[in-house]
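So you know, we letter chains A, B, ... as the sequences are listed, proteins then strands, and number each from 1.
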Number of protein chains: 2
Amino acid sequence: MDGKNVTDLESEGPGTGTLGKAMAVLEAVATADRPQRFTDILQSVGQPRGTLHRLLGHLVDEGLLVQRGDLSYEPGLRLLKLAYRSWSGNQFRDIAEPHLLRLHEMTGETVHLGILRETEIIYVDKVESRQTVRMSSQIGKASPAYCTGIGKAALSSLAQGELERIAAKTQFVAFTERTHRSAMSLLGEIEEIRREGHAFDREEHEAEICCVAASIVVPEHELVAGVSVTGPSYRVTMTQLAAWAADVRNAAAKIEEEARIRLGPGRGGR
Amino acid sequence: MDGKNVTDLESEGPGTGTLGKAMAVLEAVATADRPQRFTDILQSVGQPRGTLHRLLGHLVDEGLLVQRGDLSYEPGLRLLKLAYRSWSGNQFRDIAEPHLLRLHEMTGETVHLGILRETEIIYVDKVESRQTVRMSSQIGKASPAYCTGIGKAALSSLAQGELERIAAKTQFVAFTERTHRSAMSLLGEIEEIRREGHAFDREEHEAEICCVAASIVVPEHELVAGVSVTGPSYRVTMTQLAAWAADVRNAAAKIEEEARIRLGPGRGGR
DNA sequence: AAGCGTTGTTCCACATAATGGAACATCTCC
DNA sequence: GGAGATGTTCCATTATGTGGAACAACGCTT
C-alpha cells in the first residue's frame, strides 16, 4: 500500500501497523519545541495528507493531542496521566533515590538518573541544588546517548555487537565543538570508558556543562542505566569531576546491587 | 465485528478506530496499580483474545508497554518521554506557578493545581511543605472530580448542561463516609459552591485529608482548572480552611486573569 | 507421572477500517 | 481579486486488523 514506511526514521520499523504511524505523529509533535501546524507534521512524518488528517483527528479525539485556536497541535493532558504510573510505579527509581540523595550531599551538585532506550537516555530522576524548583524540569526528558555522560557510560556496558548496532543507528549532531561527530570517534572513547569504569561529558551536549557518570546494569531486567554528577564548568573543574568519579562508581554499584536483589529474578524464566 | 465496543467504559466512545482500542488497553495497564497479566487485561478491556494479543504486541514494540519476566505488562518508558513536553511546555502551569508559591507561603500547606478532563482532575503542579521530596508524587495523577476540592470547584464553573452530562457519566465510588454517593447529592453541593465561589473537600476522597479550592476558567482555551490548599485534618480545621478561602479565590482569579492575557485569543478564531 | 484446568500463543478466512490521490474549501498576502 | 499557500473532505481500493477456534505451555492435583 505504502512504498515508504519501510524506511526506518528512528522507530522500530515495520510490524507495528497503524499504531506505529499514530505514534510517529505523536512523537513528532511531542519532540518539537513549539506547537506544530499541519504542514510541519506533514513534513516530519512522511504520510499522505488524507491519512495524516485522519490520524490527527483520532489523536485529538483520544486526548493525546490538543488542537489550539491557530490550528496547531500540542501534546495533550492524557499523556501526563498515562505517564504517571510509568514514573510513580517505577521501582527502580525508588531503589536508586536514597543513593542519589547521598551523592548529592557529598558533591553539592546536580545528580541525574537515566535509563538507556536505544539511542537515547531518558532521565527518570534528578536531585538538584536545594532550590525552590519542585518537579525537576528534566524528568522524562530524552537526550542522545552519544554525547551525555550517562549515555556513554550506559553504552560502554553493552556487548560490542549491541553497541555497534546502536552507534550505527545514531545521528551525530554537533551540539558543541567537542561533540562526537562519528561512530568511530564515539567507539574510541567507549573503549577508554570501559577501562576507567566511568564516563565524562566534557561540554559535549551543552556548552559550559560537564559531568561524570557510571553505568548501572541489571541484565535480568534488560535494564541499562546510569547515574551522573553534573555541574557548570565555571564551578566544577575536570579535576574535581575526576575526584568524584569513585563516588559515582560506588553509588552506581550500590544501586545495581540493590536493584538486582529487590527487582527479583525478572525475565530469567523466559 | 464486535458487539461490545459500543458501550462506553469511560473513554470518548466510538469513532476512534484501532487507536482507540490500543489506548483503552494502555489506559487499563497504566491505571491499574500493579502489573497486569494477559488475563487481567482481557477482563478490563472487552476484546477477544486474538485481538488483544496482537494489540499488546504492538504496544510493546512501540515501547508504550514493557513485558516483564512473569509475562505481566507495565507502562513503558516511552510514555514518560512523550509526556515530558505536555508538562514542561505547559504555559498554563508556568503562569500559575508564582501564584501557587505565594499561596503556599501564606498558608504553609500543600498547594495543588489541577485541570479538569471530563470526569477527572489531572494534577499538573504541586507545591508542598519544604521537604526533600523532589518530583512531587502527584504530577500527572488523575483523581475523580466529584470528590476532590479542585474537581468540585471546576465542575461548579461549567454550564449546567455540561455539568449534568459529566455527573451522569460519573461512577460514584464511596471512598470515605463523606463521599458523594449520587449525582443528585453532588449537584446539590455544586449549587452551594457556585454561591460561595469556593469548594471544600471534607475528607471525601481520603480520610484525614481536607482542602479548599477555587476554579480557574479560560473559555478561550476550553480550559477548566482549579487551585487548592490541602492539609491533614488534625492540623487544619475547617475554620482554618474557611479563613483561607478568600486567598484561594484570589489566587485563582489572578491566575485566570493572567492566563487570559498571556495565552492569547485562543480558539476564538475558529 | 498421568490428567485437568488455567493461561498464553498462533492461525486464517473475512470484512472492517485505514489508505492516499485528487478535488474542494479557506485563508493570506500581494 | 487573483495566485499560493494551507487545511479539509471524498471515495474507490485493499491492506490491516478482526476474532473464533485450535494449539501449546505451563502449574496443580490426584
Side-chain angles (χ1 to χ4, degrees), chain A residues 1-7 12-26 28-29 32 34-62 64-74 265 267-270, chain B residues 1-7 11-26 28-29 34-62 64-74 265 267-270:
Chain A
M1 161 182 311
D2 179 9
K4 292 173 185 170
N5 71 347
V6 192
T7 57
E12 270 53 277
T16 335
T18 312
L19 181 64
K21 287 173 192 162
M23 293 311 297
V25 172
L26 194 51
V29 177
R34 58 194 181 80
Q36 294 289 97
R37 296 221 309 300
F38 186 87
T39 320
D40 299 328
I41 306 173
L42 193 62
Q43 286 177 327
S44 28
V45 200
Q47 295 285 349
R49 305 162 75 84
T51 303
L52 179 61
H53 195 260
R54 181 177 31 77
L55 233 36
L56 285 169
H58 285 174
L59 286 166
V60 169
D61 284 350
E62 284 293 328
L64 298 170
L65 289 181
V66 176
Q67 187 166 25
R68 317 189 326 164
D70 60 350
L71 299 185
S72 66
Y73 295 88
E74 280 183 333
R267 46 177 46 250
R270 225 291 155 99
Chain B
M1 161 183 312
D2 179 8
K4 293 173 183 170
N5 71 345
V6 193
T7 58
S11 81
E12 268 53 278
T16 335
T18 312
L19 181 65
K21 287 175 191 163
M23 293 310 297
V25 172
L26 194 52
V29 177
R34 58 194 180 81
Q36 293 289 97
R37 295 222 311 300
F38 187 88
T39 321
D40 299 329
I41 307 173
L42 194 61
Q43 286 177 327
S44 28
V45 200
Q47 294 286 349
R49 305 163 75 84
T51 302
L52 179 61
H53 195 260
R54 182 178 30 78
L55 233 36
L56 285 169
H58 285 176
L59 287 167
V60 170
D61 286 348
E62 284 293 327
L64 298 171
L65 288 180
V66 176
Q67 187 166 24
R68 317 190 325 165
D70 60 349
L71 299 185
S72 66
Y73 295 87
E74 280 183 332
R267 46 177 45 250
R270 224 292 155 94

Below 3.5 Å between N/O atoms, which protein atoms pair up with nucleotides 28-30 of chain C? Just atom names and distances, please.
none

Write out a two-atom table: protein N or O, nucleotide N or O from nucleotides 5-7 of chain D, distance below 3.5 Å.
| from | atom 1 | to | atom 2 | distance (Å) |
| --- | --- | --- | --- | --- |
| D:dG7 | OP1 | A:Arg37 | NE | 3.3 |
| D:dG7 | OP2 | A:Thr39 | N | 2.9 |
| D:dG7 | OP2 | A:Thr39 | OG1 | 2.1 |
| D:dG7 | N7 | A:Arg49 | NH2 | 2.6 |
| D:dG7 | O6 | A:Arg49 | NH2 | 3.2 |

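C:dA18 atom P lies 13 Å from atom NE2 of B:His58, rounded to whole Å. We find that CG of A:Leu52 is positioned 15 Å from P of C:dA18, with the value rounded to whole Å. Spacing between atom NZ of A:Lys21 and atom P of C:dA17 amounts to 17 Å, rounded to whole angstrom units. Summarising the geometry, the separation between CG on B:Leu19 and P on D:dT16 is reported as 17 Å, rounded to the nearest angstrom. The CG atom of A:Leu56 sits 15 Å away from the C1' atom of D:dT9 (whole-angstrom rounding).
Between B:Leu55 and B:Lys21 the shortest side-chain heavy-atom distance falls below 4.5 Å. When side chains are defined from C-beta on, A:Met23 counts as touching A:Leu26, because their heavy atoms get closer than 4.5 Å. Considering only heavy atoms from C-beta on, A:Glu62 stays 4.5 Å or farther from A:Leu59 through its side chain. Two residues are said to be in side-chain contact when any heavy atoms from C-beta on lie closer than 4.5 Å; A:Ser72 and A:Gln67 fail this criterion. Using a 4.5 Å cut-off on side-chain heavy atoms (C-beta onward), A:Leu19 and B:Thr18 make no contact. At a threshold of 4.5 Å between non-hydrogen side-chain atoms, the residues B:Leu42 and B:Arg49 count as touching.
No hydrogens or angles considered: nothing links the side chains of B:Gln36 and B:Tyr73 as a donor-acceptor pair under 3.5 Å.
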Please assess A:Val60 against A:Val66 for the test side-chain contact (heavy atoms from CB on, under 4.5 Å), listing each intermediate value before the final yes or no.
CA-CA 6 Å; A:Val60 169; A:Val66 176; over 6 Å; no
Under the criterion side-chain contact (heavy atoms from CB on, under 4.5 Å), I'd like the reasoning laid out for A:His58 against A:Arg54: C-alpha separation, chi angles, the key distance, then a yes or no.
CA-CA 6 Å; A:His58 285 174; A:Arg54 181 177 31 77; 4.0 Å; yes
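Contact check, B:Thr18 against D:dT16: no side-chain N or O comes under 4.0 Å of OP1 or OP2. Between B:Thr51 and D:dG19, a side-chain N or O to OP1/OP2 separation shorter than 4.0 Å is present. For the OP1/OP2 pair of C:dT19 and a distance below 4.0 Å, the side-chain nitrogens and oxygens of A:Gln47 include no atom meeting the criterion.
Positionally, the nearest nucleotide of DNA chain D for A:Arg54 lies more toward the 5' end than for the other of B:Leu55 and A:Arg54.
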